[in-house]
Amino acid sequence: MTSLKNDIFIKALFKQPVPRTPVWMMRQAGRYLPEYRKIREQAGSFLALCTNPELACEVTLQPLRRFSFDAAILFSDILTIPDAMGLGLYFTEGEGPKFKNPIKNAADIAALPIPDPYVDLRYVTDAVSLIRKNLQGAVPLIGFSGSPWTLATYMVEGGSSKSFQKIKSLMYNEPRLMHQLLDKLAQSVASYLNAQIEAGAQAVMLFDTWGGMLSGEDYAMFSLAYAKQVRQLLKTEHNGQKIPTILFTKGGGLWLETMADAGYDALGLDWQTNIGAARARVGEKVALQGNLDPVSLYAQPAIIKEKVQAILHSYGQGSGHIFNLGHGILPDVNPDHVKAMVDAVHELSPVYHS
């Protein structure tokens, strides 16, 4: 199907037979690795690291040298699009991302450009091309973006939030403006992901980090509707290869049935959703990715192995499962515990594919 030396991640996304369950990890390139911290120091800042294609390539490849992951994921940040729109992204130590120019009114929304990914986000497409070249077909490369709703939350709140008061006030009081913002973001996200595909990404993932903060009705209208729009605008094939797509909504376990109808090939699950029950609910519509509790990686390796076994057993026989965490790895996890997780998947999963 592909020229990849290891294509079980791609096959599992399409629910094709595989010899074992593929495994990768959200935020697998990051702060838990000492070699990452060294490169981060060399770059001078997180944003400088993200915008340097050579360093972003190096950081993407680092975890593959340590662990037998079945996919690489582009090292970048979900807030590259708002930054390219002129909002002025910066990071404050201990407080996360912030914007110098957050969205405050209708005029701000009207003035937002739809970025040209080959100009305004060229550092990302250059990084994708460089990573793909350096991978030499070993494993597939995943591209990604934040979802329109998740990007909008940061753009209106001006950074992270606990209450989401500003974005929800806009949503409730000015729904027309909210839809205008989300439509621009859906167009921008689709353009950005398509550019990543053209540059070499072999699968793409939409991270809807804050969709779970909404009510069911609001999720359908303001988050899922725009995830569907993105999917409709995505390339489904490039250079003769089908491009699989993954939708991950943190806190989205209540809405799996409607998410499964959004057109994506796979759904990411957080750790609060039972994967066996999720499989029964979505049937054969989509593959499932997940969903080990990231905090379980602080446990001893023997316990990690037990947790891996429980998830594999819950999913059951057959393809369509990509093993992952239920969210990103935490920064002070011992890398040896990551190896214990990967080794456990390799050892325990073949029996589910016999």
Side-chain angles (χ1 to χ4, degrees), residues 26 50-51 73-87 89 97 99 102-103 108-128 141-157 167 170-171 177-214 219-238 243-250 252 259 262-268 289:
M26 288 185 278
C50 287
T51 55
I73 184 165
L74 163 71
F75 178 79
S76 187
D77 190 80
I78 64 168
L79 298 178
T80 50
I81 288 175
D83 188 46
M85 288 175 153
L87 271 64
L89 176 65
F99 286 111
I103 298 294
D108 290 342
I109 294 173
L112 285 174
I114 295 175
D116 181 341
Y118 298 103
V119 177
D120 307 304
L121 292 159
R122 176 70 181 270
Y123 63 90
V124 177
T125 56
D126 282 352
V128 171
L141 173 61
I142 307 166
F144 73 91
S145 174
S147 72
W149 167 257
T150 290
L151 298 183
T153 65
Y154 285 102
M155 294 165 72
V156 175
E157 296 288 340
I167 185 78
L170 176 65
M171 180 181 75
L177 288 179
M178 189 74 244
H179 285 299
Q180 183 182 345
L181 173 58
L182 291 167
D183 180 68
K184 279 193 174 184
L185 284 168
Q187 293 179 58
S188 300
V189 167
S191 173
Y192 181 49
L193 289 176
N194 283 335
Q196 291 183 40
I197 291 167
E198 289 175 3
Q202 291 148 295
V204 291
M205 182 164 171
L206 195 70
F207 283 90
D208 185 26
T209 309
W210 299 124
M213 297 297 104
L214 292 165
Y219 174 75
M221 187 179 303
F222 294 100
S223 182
L224 189 59
Y226 291 94
K228 286 181 181 179
Q229 183 177 336
V230 170
R231 179 62 189 89
Q232 288 163 1
L233 294 171
L234 282 180
K235 290 179 177 291
T236 57
E237 191 172 311
H238 184 64
I243 306 297
T245 56
I246 308 165
L247 172 62
F248 173 64
T249 296
K250 185 171 178 279
M259 291 168 64
Y264 289 80
D265 298 294
L267 299 180
Q289 180 174 275

Requested in this report: Could you pull out the closest heavy-atom pair between D208 and Y219, with the gap in Å?
Outcome: OD2-CE1, 3.4 Å
Requested in this report: Answer yes or no: is there a donor N or O on one side and an acceptor on the other, between the side chain of N194 and the main chain of L233, under 3.5 Å?
Outcome: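 Indeed, once roles are kept as given, a pair shorter than 3.5 Å links the two residues.
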Query raised in the report: Looking only at atom types and distance, does a side-chain atom of S147 sit under 3.5 Å from a main-chain N or O of A227, one as donor and one as acceptor?
Result: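 No; zero donor-acceptor contacts below 3.5 Å.
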Query raised in the report: Is a donor on one side and an acceptor on the other found under 3.5 Å between the side chain of Y192 and the backbone of L121?
Result: no
Query - L247 CG to M205 CE distance, which is reported to the nearest 0.5 Å - result: 8.5 Å
Query raised in the report: Any donor and acceptor pair, going by atom type alone, linking the side chain of W149 with main-chain N or O of W210 inside 3.5 Å?
Result: yes
Report task. Run the numbers on I243 and T236 for side chain to side chain contact (heavy atoms under 4.5 Å, CB included), then give the verdict. Result -> CA-CA 5 Å; I243 306 297; T236 57; over 6 Å; no
Query raised in the report: In Å and rounded to the nearest 0.5 Å, what is the CD1 to CD distance from I114 to Q187?
Result: 3.5 Å
Requested in this report: Check for a donor-acceptor pair, side chain of K184 on one end and backbone N or O of L112 on the other, with a separation under 3.5 Å.
Outcome: yes
Query raised in the report: Is the backbone of S188 close enough, under 3.5 Å, to the side chain of S191 for a donor and an acceptor to pair up by distance?
Result: no
**Report entry** Whether D83 side chain and L89 backbone form a donor-acceptor pair below 3.5 Å
**Finding:**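 At least one qualifying donor-acceptor pair exists.
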Query - Residue pair L206 / T245, side-chain heavy-atom distance below 4.5 Å - result: no
Query raised in the report: Step by step, would you call Y154 with F99 a ring pair (Phe, Tyr, Trp, His ring centres under 6.0 Å)?
Result: CA-CA 8 Å; Y154 285 102; F99 286 111; 7.3 Å; no
Report task. With rounding to the nearest 0.5 Å, note down the distance linking CZ in R231 to CG in L224. Result ->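 The CG atom of L224 is 13.0 Å from CZ of R231, to the nearest 0.5 Å.
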Query raised in the report: Just wondering, do Y264 and I246 contact through their side chains at under 4.5 Å, heavy atoms?
Result: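 Counting from C-beta outward, I246 and Y264 never come under 4.5 Å.
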Query raised in the report: Would you say the side chain of L181 lies within less than 4.5 Å of the side chain of V156, judging by non-hydrogen atoms?
Result: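 Side-chain contact under 4.5 Å: yes.
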**Report entry** Worked verdict on M155 versus L185 for side chain to side chain contact (heavy atoms under 4.5 Å, CB included)
**Finding:** CA-CA 11 Å; M155 294 165 72; L185 284 168; 3.7 Å; yes
Query raised in the report: Taking all non-hydrogen atoms of both residues, which atom of L87 and which atom of P102 are closest, and how far apart?
Result: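 Result for this residue pair: CD2-CA, 4.5 Å.
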Query raised in the report: Rounded to the nearest 0.5 Å, how far apart are CD1 of I103 and OG1 of T153?
Result: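 Nearest 0.5 Å value for the CD1-OG1 distance: 12.0 Å.
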Query raised in the report: Taking all non-hydrogen atoms of both residues, which atom of V230 and which atom of P148 are closest, and how far apart?
Result: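 Closest pair (atom of V230, atom of P148, distance): CG2-CG, 3.9 Å.
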Query - Nearest non-hydrogen partners of P244 and Q202, listed with the distance - result: CD-O, 3.2 Å
Requested in this report: State whether the side chain of K250 and the backbone N or O of F207 hold a donor-acceptor pair below 3.5 Å, judged by distance alone.
Outcome: no
Report summary line: Between the CG atom in L74 and the OG1 atom in T125, the distance rounded to the nearest 0.5 Å is 10.0 Å
Query raised in the report: Do L214 and M171 come within less than 4.5 Å of each other through their side chains, counting heavy atoms only?
Result: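 Yes, at least one pair of side-chain atoms sits under 4.5 Å.
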Requested in this report: Give a yes or no on whether the backbone of C50 and the side-chain of S76 come within a donor-acceptor separation of less than 3.5 Å.
Outcome: no
Query - Rounded distance (nearest 0.5 Å) linking atom CE of M26 with atom CD of Q289 - result: 6.0 Å
Report task. Please report the closest heavy-atom contact between I167 and A152, naming both atoms and the distance. Result -> CD1-O, 3.6 Å
Query - Minimal non-hydrogen separation, M221 against Y226, with atom names - result: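 Result for this residue pair: O-CE1, 3.6 Å.
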